[in-house]
Structure formats: C-alpha cells, structure tokens
Q: 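Provided herewith is a single structure, encoded as structure tokens, for subsequent inquiry.
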Amino acid sequence: MTEHNVRSQERDGNGLLTPLPVQEACVTALSAQLSAALSDPDASDDRWDIIETIAATIPTTPTEAVAVVSILTDPNIGLDAGQTETHLTAARSLEAGLRAMAANADNSIAAMDDEIAGIGVSAATAPPETLIAGAAERAGITIEQARACYETFTAPLAALERSAS
C-alpha cells in the first residue's frame, strides 16, 4: 500500500480499514487515474492502490459517490469479479457519505426555514439577495439552491396572502 493510501485510511479495533474524508479534487483525479490503469494490463499494482484509496474515501458530493460506487459495480474490479475487503470498505464509505449528504440537505432546508421564519410574510414574498446569500453560506449550499428552497417555502405563504386579499 502506498503512502498516499495510508493517509486516507485508518484501522478500526478489528484491524479493518475504515474510511476518512478526502478532498473531491483528489477523488476526481484518482478516478481518472483508475480509468487509465484499468485499460493498462501492466498497471495491476497501481490499479489496486488507487482502488483502495477511492474505496476508503467518504464521498461528500454525488460525483465522489459515483467514484466510490464504481468500485462495487465495475465489471472488472467490482463485486462480480469477487468480493474483497476493499469492496466492504467502499460500501461503508458510500453509506457514510450518503448519510452525511442527506443530513446536510436536511440541515440546509432547516437553515432556510429558520432564516425565512425570522422575517415577515410581506418580506418573504420579495427576498433581498443578502437574505438568500446569507442563508446559503450558513447552510453550505449554493445561492441557486438557497433560492429554490426559499421559493418552495414561501409559495404556500404567497398563495395564502393572495387568497386573503
């Protein structure tokens, strides 16, 4: 195992490798390296070093999740080729990443709800950009995502306001 792999993994109490987060740019680069290594019959050792690193990565974005799940589904190295400890590590990483992404999405919506609830209904129908930008920053989402959350939350309020007038 290379030095690169060691930094992205640690062993649990049973001696099994457990995943640690790795930056997305690293996962994207590793995926590209893996594609090249899979097409090179002389790159077997490099291939498995890359596979182990990707498998031990907790994905934080859908792009990273695709890279991790590809370890499980690729016809040449995936579960069809024979289950290994690396596949179990990839499955654990994928689960941890998906749980974190789901929690982050829930927290983002909750942050938007709190932000919007703090203003009056009339202000909610015409949000200032600073409100959306601030909520997006606190929730860790893009301004476009924050705007979509805002519009979803305020649509029923705007409908009530129109029907009341």
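Everything numeric here is computed off the predicted structure, so don't read it as measured data.
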Q: For Thr86, check side-chain contact (heavy atoms from CB on, under 4.5 Å) against everything at least two apart and list the hits.
A: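 Once residues adjacent in sequence are excluded, the partners of Thr86 under the side-chain contact (heavy atoms from CB on, under 4.5 Å) criterion are Ile51, Glu52, Ala55, Ile71, Thr84.
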Q: Roughly how far, to the nearest 0.5 Å, is CD of Gln83 from CG of Leu88?
A: 7.0 Å
Q: With rounding to the nearest 0.5 Å, note down the distance linking CD in Glu137 to OG1 in Thr142.
A: 13.0 Å
Q: Over all heavy atoms of both residues, which pair between Gly82 and His87 is shortest? Give the atoms and the distance, please.
A: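 Residues Gly82 and His87, closest heavy atoms: O-CE1, 3.1 Å.
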Q: Val27 versus Pro59: any side-chain heavy-atom pair under 4.5 Å?
A: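 Answer no - side chains too far apart.
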Q: To the nearest 0.5 Å, what is the distance between CG on Leu94 and CD1 on Ile58?
A: 11.0 Å
Q: Would you check if Glu64 and Ser31 make a side-chain contact, meaning some heavy-atom pair closer than 4.5 Å?
A: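 Result no, sub-4.5 Å side-chain heavy-atom pair not found.
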Q: Are Val68 and Ser93 packed together at the side-chain level, in the sense that at least one heavy-atom pair is separated by less than 4.5 angstrom?
A: yes
Q: If every non-hydrogen atom of Asp40 is compared with every non-hydrogen atom of Arg47, which pair is closest and at what distance?
A: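 Shortest heavy-atom contact: O-NH2, 2.9 Å.
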Q: Would you mind reporting whether Leu79 and Thr73 have side-chain heavy atoms less than 4.5 Å apart?
A: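 No; the side chains remain at least 4.5 Å from each other.
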Q: Write down the atom of Ala37, the atom of Ile50, and the distance for their closest heavy-atom approach.
A: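 For Ala37 and Ile50, the tightest heavy-atom pair comes out as CB-CD1, 4.4 Å.
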Q: Indicate the atoms forming the closest heavy-atom contact of Leu98 with Ala65, along with that distance.
A: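 That would be CD2-CB, 4.5 Å.
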Q: Who passes side-chain contact (heavy atoms from CB on, under 4.5 Å) against Asp74, sequence neighbours left out?
A: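 Scan of Asp74 (side-chain contact (heavy atoms from CB on, under 4.5 Å), adjacent residues dropped) gives Leu38, Asn76, Ile77.
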